[in-house]
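Heads up: the structure comes next, in structure tokens.
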Amino acid sequence: MKKLPLVIDPVNPGALELGHESLKSLLSGLDSNAVLRARQLERWILQGRATKFEDMSDLPAQLRSILPLKLVPLTCSVAHGSTALDGTRKLLIKLADSHTVETVLMFEDDRRTVCISTQVGCGMGCTFCASGIAGVARNLKSHEILEQLLLARNELPASERITHVVVMGMGEPMANLANLLEALSIATSPKGLGISARNVTISTVGIPGKILELAESGRKYHLAISLHAPEDALRSRLMPTNEKTGIQAILEAAGEFFTKTGRQVTYEYILLGGVNDRQEDAESLGKLLEGRKAHVNLIPFNPVDGLPWNRPDNEAIARFRQSLEKRRVSASVRKRKGADIDAACGQLRRRHEAPKAKWPSS
Ligand code: SAH
């Protein structure tokens with residue numbers, strides 16, 4: 001029997017993937033008022049929570065029926081969602097090429113915070129992190145970063161909106177800064193999601209050149225640096241990227257960031273029992289940061305299957321914090337959210353895709 005050729009349907013582009021100008025030119029072949037139609041479409045997707053063209057009630061019926069042949073409203077979808085006892089909602093987001101990333105929606109008083117990913121996997125190789133275990137597959141495109149926010153927002157009741165964004169999901173944001181900034185510019189625009197730039201936190205391993213680029217972008221985003229150790233030998237052991245950079249260059253870039261933006265920098269410090277949570281570590285960290293415009297956010301290690309680290313007990317965490325405060329370095333301990341649903345970054349995806357662990361388990 002003759003073999004039939006394999007026909008693969010071309011995947012239609014997403015409305016936000018095209019961008020405003022290309023969307024207008026596509027619509028100009030379908031409707032006489034492309035400028036208005038492009039604006040209507042974008043408003044439906046960004047603000048009206050529409051995920052289907054048929055729901056866009058003020059578009060002409062004929063256009064609504066042709067659009068699905070040319071475009072998709074969103075390129076990403078929720079492949080899996082789970083809700084923790086504290087309400088934290090974790091979404092496994094499927095991209096058009098079937099890769100998956102994680103997005104988390106958190107509730108705290110009036111705050112609605114979404115944690116977004118910037119890459120499929122991560123190339124930084126931090127030894128305590130689930131996201132980097134299988135390396136990085138690719139950068140997310142700007143519309144894929146934005147669509148995570150839209151899909152998370154669509155989970156909220158109609159009366160609620162996203163108030164805060166933390167770029168602390170999978171991936172290293174500074175390795176994909178241009179796409180991230182493009183997505184955030186729509187997220188923070190009144191025509192987009194209207195989120196205040198001051199409520200957006202970008203967390204990084206610390207890439208000095210990129211920190212300066214962010215400072216010069218003119219946007220008032222909050223910067224968080226994953227420091228995790230007070231001196232280079234230990235930091236390089238935990239975070240291999242430190243071998244190239246070193247703590248000093250990161251602190252200098254952070255100082256420059258503060259001068260340019262007036263925004264205090266947060267230093268994240270994961271607490272790994274017996275590794276970087278000792279009294280001497282707290283003292284060195286206090287010495288390193290005293291006198292700087294800095295806040296330290298202590299993150300007790302979230303256990304990851306197959307990784308050799310331990311979470312310190314509550315007493316050790318409290319002692320570490322007090323040592324910092326003695327040196328007048330302000331510090332807080334991150335609340336654990338969604339612990340019962342693998343909400344630590346990279347864990348849910350790992351559970352679904354189960355790649356082999358790269359790190360030694362002893
Ligand atoms: N690549 C960026 C952002 C993603 S990770 C960065 O490194 O900052 C966000 C934060 O979670 C980082 O501070 C990271 O070090 C921390 N983190 C990663 N794995 C963790 C784990 N198992 N437990 C606690 N914090 C973790």
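For the numbers below, each heavy atom of this structure counts, side chains included, while hydrogens, waters and symmetry mates do not. For ligands, and for the atoms within them, numbers begin at 1 and follow the listed sequence.
- A heavy-atom separation below 4.0 Å is found between Gly169 and ligand 1.
- Each of the following atoms of ligand 1 lies closer than 4.0 Å to a heavy atom of Gly171: 1 (N), 2 (C), 3 (C), 4 (C).
- In terms of heavy atoms, Ile247 sits closest to Ala229 at CD1-O, 3.6 Å.
- In Thr204, the part holding a heavy atom less than 4.0 Å from any atom of ligand 1 is the backbone.
- Shown in contact with Val205 at under 4.0 Å from a heavy atom are these atoms of ligand 1, numbered in order with element: 6 (C), 7 (O), 8 (O).
- Counting the atoms of ligand 1 from 1 in the order shown, those under 4.0 Å from a heavy atom of Cys129 are 18 (C), 19 (N).
- Atoms of ligand 1 found under 4.0 Å from any heavy atom of Val304 (numbered from 1 in listed order, with element): 22 (N).
- For atom 14 (C) of ligand 1, the nearest non-hydrogen atom from the set Gln119, His228, Met170 belongs to His228.
- Val35 and Met56 fall into different hydrophobic clusters, where Ile, Leu, Val, Met, Phe, Trp and Tyr residues are linked whenever their side-chain heavy atoms come under 4.5 Å apart, directly or through other members.
- Nearest to atom 5 (S) of ligand 1 by heavy atom, out of Arg334, Arg311, Met124, Met168, is Met168.
- No donor-acceptor distance shorter than 3.5 angstrom exists from the side chain of Arg235 to the backbone of Asn242, with no hydrogens or angles considered.
- Going from atom OG1 of Thr201 over to atom NE2 of His164 covers 7.5 Å, rounded to the nearest 0.5 Å.
- Here's the thing with Ala130: none of its N/O atoms is less than 3.5 angstrom from an N/O atom of ligand 1.
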Residues Glu54, Arg64; criterion salt bridge (charged side-chain N to carboxylate O under 4.0 Å, His left out); working and verdict: CA-CA 6 Å; Glu54 65 196 62; Arg64 264 186 275 157; over 6 Å; no

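- When each atom of ligand 1 is checked for a heavy atom of Ser226 under 4.0 Å away, the hits are 6 (C), 7 (O), 8 (O), 12 (C), 13 (O), 15 (O).
- How far CD of Glu108 is from NZ of Lys335: 3.5 Å, rounded to the nearest 0.5 Å.
- Looking at Val72 and Pro13, their side chains never come closer than 4.5 Å, going by heavy atoms from C-beta outward.
- Of the heavy atoms in Ile270, only side-chain atoms (C-beta onward) come closer than 4.0 Å to ligand 1.
- Where the criterion is an N or O separation shorter than 3.5 Å, residue side chain and backbone included, Phe128 meets it with respect to ligand 1.
- For the ligand labelled ligand 1, residue Cys122 lies outside the 4.0 Å heavy-atom shell.
- Interatomic distance, CG of Leu71 versus CD1 of Ile45, reported as 8.0 Å (0.5 Å rounding).
- Note that CZ of Arg334 is 9.5 Å distant from CG of Asn302, once rounded to the nearest 0.5 Å.
- The distance from ligand 1 to the heavy atoms of Ile299 drops below 4.0 Å at these ligand atoms: 13 (O), 24 (C), 25 (N).
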